[in-house]
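The block underneath contains the structure these notes are about, expressed in structure tokens.
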Amino acid sequence: FMLIQPHSVSESPGKTVTISCTGSGDSITRNYVQWYQQRPGSVPTPLIYEDVRRPAGVPDRFSGSIDSSSNSASLTISGLKTEDDADYYCQSYDGTNPVFGGGTKLTVL
Amino acid sequence: QITLKESGPTLVKTTQSLTLTCSVSGYSVDDVVMGVAWLRQPPGKALEWLALVYWNDDERLSPSLKSRLTIKKDSFKNQVVLTMTDMDPVDTATYFCARTLLENGLFDYWGQGTPVTVSS
């Protein structure tokens, strides 16, 4: 089971961007999907867990969703800020072990 | 306050073994339905999960590295130790430990990471 993310996306401040995470080899609905943000030089921090939930302190500009028809999860960030310029990783399980996507570099310019 | 802190050598030679320690505070590594994982990130590259040990000593190892990895939980010291054998320059990376929850697979608390360089 693999999670495939676009290498990079870019968008302007104030706009909305969606980052996809496509499952390959199994149904993405079989296990929860998490999303992490990693700013340059920093530790990954949880943004979304259990597909759609936000940890305390994460702004509601960040939202997660699952689309079983495309076997993919998505992270949507609205009202983009320059501070959202970071790498974003999706993560799930293959039934036994954790699996991470290859990460998406979001450029806000 | 929950914290995880990695410690170990910053430089190892090719073919040597690497031993890293994750010291946990704010909760017990024996707390039910929790685990501690090791992950790494080579410079400029993606996160990679390496190993995981749950509260009940159930161990999981990355299939691609299984032959080189050992993970052990020390309940008395509240630590988790990772050993990786036969180190190679491609293993140069920042190594993280993180707490994970069995119920959903979330890595909710992360250490700051420790850089390891493998050189001949």
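In what follows, chains carry the letters A, B, and so on, assigned in the order in which the sequence lines appear, proteins first and then strands, with residues in each chain numbered from 1.
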Between A:Val43, A:Asp51, A:Thr45, the one whose heavy-atom pairs under 4.5 Å with chain B are most numerous: A:Val43
Top contributor to chain B contacts, counting heavy-atom pairs under 4.5 Å, from A:Pro98, A:Ser42, A:Gly103: A:Pro98
Let me see the working for B:Arg68 and B:Asp91 under salt bridge (Lys or Arg N to Asp or Glu O under 4.0 Å), right down to the final yes or no. CA-CA 12 Å; B:Arg68 299 172 53 205; B:Asp91 297 313; 2.6 Å; yes
Please determine, by modelled atom types, if B:Gln41 and A:Tyr89 share a side-chain donor-acceptor pair under 3.5 angstrom. yes
So what's closer than 4.5 Å to chain A heavy atoms on B:Leu61: side chain, backbone, both or neither? backbone
Looking at A:Tyr49 versus A:Tyr36, is the centre-to-centre ring distance below 6.0 Å? no
A:Trp35 side chain vs A:Gln37 backbone, donor-acceptor pair below 3.5 Å: no
Any non-hydrogen side-chain atom of B:Lys73 less than 4.5 Å from a side-chain atom of B:Asp57? yes
Tell me, for B:Glu103 versus chain A, whether the close heavy atoms (under 4.5 Å) come from the side chain, the backbone, both or neither. both
Pick from A:Gly101, A:Pro44, A:Pro46 with the largest number of heavy-atom pairs that fall under 4.5 Å of chain B: A:Pro44
Taking side chain as C-beta onward, heavy atoms only, is B:Pro89 less than 4.5 Å from B:Ser120? no
Contact part of B:Leu52 toward chain A, heavy-atom cut-off under 4.5 Å: side chain, backbone, both or neither? side chain
Less than 6.0 angstrom from the centroid, inside 45 degrees of the normal: does B:Arg99 satisfy that with respect to the ring of B:Phe107? no
Quick check on A:Thr96 against chain B: is it the side chain, the backbone, both or neither that has a heavy atom closer than 4.5 Å? both
Interchain contact, B:Thr100 with chain A, by part (heavy-atom threshold 4.5 Å): side chain
For the interface with chain B, which of A:Asn97, A:Asn31, A:Val33, A:Val99 has the highest count of heavy-atom pairs at distances below 4.5 Å? A:Asn97
Can you say whether A:Pro55 sits under 4.5 Å from chain B via the side chain, the backbone, both, or neither, judging by heavy atoms? neither
Specify which of B:Pro63, B:Ala37, B:Ala46 makes the most heavy-atom pairs with chain A at under 4.5 Å. B:Ala46
Parallel, tilted or perpendicular: which fits the ring planes of B:Phe96 and B:Trp110, with parallel below 30° and perpendicular above 60°? perpendicular
